[in-house]
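First the proteins, then the strands, lettered A, B, ... as listed; each starts at 1. Hydrogens, waters and symmetry mates are skipped; everything else that's a heavy atom, side chains included, is used.
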Amino acid sequence: MTHMLLLVLDLIGTFVFALSGAVTGVRRKLDLFGVLVLSFAAGNAGGITRDLLIGATPPAAIADWRYLGVSVLAGMVTFYRYSNIQRWRNPVQMSDAAGLALFAVAGAQKALAHGLNPVMAALLGMLSGVGGGILRDVLVTQIPTVLRADLYAVAALAGAAVVVLGEQFHVPLVATTLTGAALCFGLRFMAIRHGWHLPVSRHSGMEDPPV
Amino acid sequence: MTHMLLLVLDLIGTFVFALSGAVTGVRRKLDLFGVLVLSFAAGNAGGITRDLLIGATPPAAIADWRYLGVSVLAGMVTFYRYSNIQRWRNPVQMSDAAGLALFAVAGAQKALAHGLNPVMAALLGMLSGVGGGILRDVLVTQIPTVLRADLYAVAALAGAAVVVLGEQFHVPLVATTLTGAALCFGLRFMAIRHGWHLPVSRHSGMEDPPV
Amino acid sequence: MTHMLLLVLDLIGTFVFALSGAVTGVRRKLDLFGVLVLSFAAGNAGGITRDLLIGATPPAAIADWRYLGVSVLAGMVTFYRYSNIQRWRNPVQMSDAAGLALFAVAGAQKALAHGLNPVMAALLGMLSGVGGGILRDVLVTQIPTVLRADLYAVAALAGAAVVVLGEQFHVPLVATTLTGAALCFGLRFMAIRHGWHLPVSRHSGMEDPPV
């Protein structure tokens, strides 16, 4: 039951992330296949990387065709209905925050289940949430926006940390999952609304000295 | 016997793909080592990624020194005989199509042998064929051309799909291998000759709205 | 004892490599999180890739929180004390050479311990040393400097090769480790001091023919 719920939410998260990849692909003038590749990469790279790192092969996104299915669906919708997607942009941003929240908590749980130490489990939860966006941007040769976006990865880390801490203190899983997801979504929401962001070193962009 | 044949063809495919990596490296003014790295990456990244995803570690390209050998050979030839390679450019394009065809069918067979579901087996076959070119381009900070090239990845997917379908209907392996490879090569050949390509969304390149 | 020593040196290597990632992040105006990610990537990507390729999951850098600890420490120091780091630049270059030397020999030993053939063990040792810098540069969309730097990867390969050859001829491990590390450090030191580098193909940068 809980497992079923997690799978459904996981697939929803994959779908919204895949949308972000597909939009990027269309903007970069990729052909239909290229758009589908970016959809799959954005929606699944985070989870695949996590599964490879914890030794859970083949990764769920490879072994279970449904992850591919929702990724392709998102790519097709974007490719043929791009203007509608554009109209939704803000809703997409919101659902993307929801996907991030869910991937973070689910990723942390999976890492804990594989016996990783708490600190790395939280980081792998974060990685599950942000990995897809990183690969998407590297493939189109952009510096991953997640490295600069307002509290994007930090929100994912906070959500994953709640799950990990809860597990340490034997808090029921459902409670920590909901709390962690809500915290992540809330932080991301506030960051989008109010432009919250992390400090940048006052030395940033200093000239590269001759080497 | 069949296994021996596959290995030989696999190494030939590695060689021709490695040539494409080496040519890219020379054009980007990489030193000898950089050229050899791109040769190995282009020739083996697809197969290595496939093996990691299906849990076959260490990957064949790492465990068997012959994959390294042919990659280095391709890099050396290109580095010291670049002008000859240039003269062959079209033959190389043809043999590259042959390598793509072979990697696609061999990759799909390996994935099926590891018990993956048919859909993912076909995609992993495609990935074996295109992965090397993707890493090659990312390393020199280009948007992977395979995402835009005329029917490149689609040809690989078609070839891999034939192998997977044949396996479902218990068609002899040799028959599906030859048919799949021929289909992939044929599609790629026609795409090069006649510029066949996939549609691009009519919204492509639309301005990125302020976020 | 030897194991303890290797761990300490390994963590020192991770720290100095993480510094290089953090400096890159600050220069590219990444926020605090982005800087920490580049620190971790530069300090650990090489070892993680090696562990994935030899099937040692979860990788040490993921299973052992100390690798994360020193990476974050390096990132924090750089972010808040950038000017001091700049003043050290040359010492950092020297310690980076030391980290490269150590990762190369330790990586080769780990690969041999996992039963890889000698040639691939030497290459995986080299990969452990250079992998971090490659990911660091790809994330900020630069062509990996290691592919062009003066004898950087070649020095790592030489150090790793000493360990592998020593193992073939049953030379005591401590002796080969020290010799290999010294050779790698020495080559890198001379390359920095005297600009030693590998040849570049005289055809480099030739125009890309119309395809």
- prompt: Considering only heavy atoms, which portion of A:Leu123 lies under 4.5 Å from any heavy atom of chain C: side chain, backbone, both, or neither?
  reply: side chain
field: A:Val154/C:Leu32 under side-chain contact (heavy atoms from CB on, under 4.5 Å): CA gap, chis, key distance, verdict
entry: CA-CA 10 Å; A:Val154 171; C:Leu32 177 56; over 6 Å; no
message: Can you confirm whether A:Met120 sits close enough to C:Tyr67 that some side-chain heavy atom of one is under 4.5 Å from a side-chain heavy atom of the other?
response: no
message: In the structure I gave you, are the side-chain heavy atoms of C:Thr141 and A:Val138 within less than 4.5 Å of one another anywhere?
response: no
task: Specify which of A:Val119, A:Leu53, A:Leu116 makes the most heavy-atom pairs with chain C at under 4.5 Å.
output: A:Leu53
field: Engaged part of C:Ile48 at the chain A interface, taking heavy atoms whose separation is under 4.5 Å
entry: side chain
task: Might you work through the side-chain contact (heavy atoms from CB on, under 4.5 Å) test for A:Ile134 and C:Leu139, ending with a clear yes or no?
output: CA-CA 8 Å; A:Ile134 290 178; C:Leu139 285 177; 3.8 Å; yes
- line: Honestly, the part of C:Leu68 sitting under 4.5 Å from a heavy atom of chain A is side chain
query: Closest approach of C:Leu52 and A:Leu52, non-hydrogen atoms and distance?
result: CD2-O, 3.5 Å
query: Do you know which of A:Leu157, A:Asn117, A:Ile54 has the most heavy-atom pairs under 4.5 Å to chain C?
result: A:Asn117
- prompt: Which bit of C:Ala56 comes within less than 4.5 Å of chain A, counting heavy atoms only: side chain, backbone, both or neither?
  reply: neither
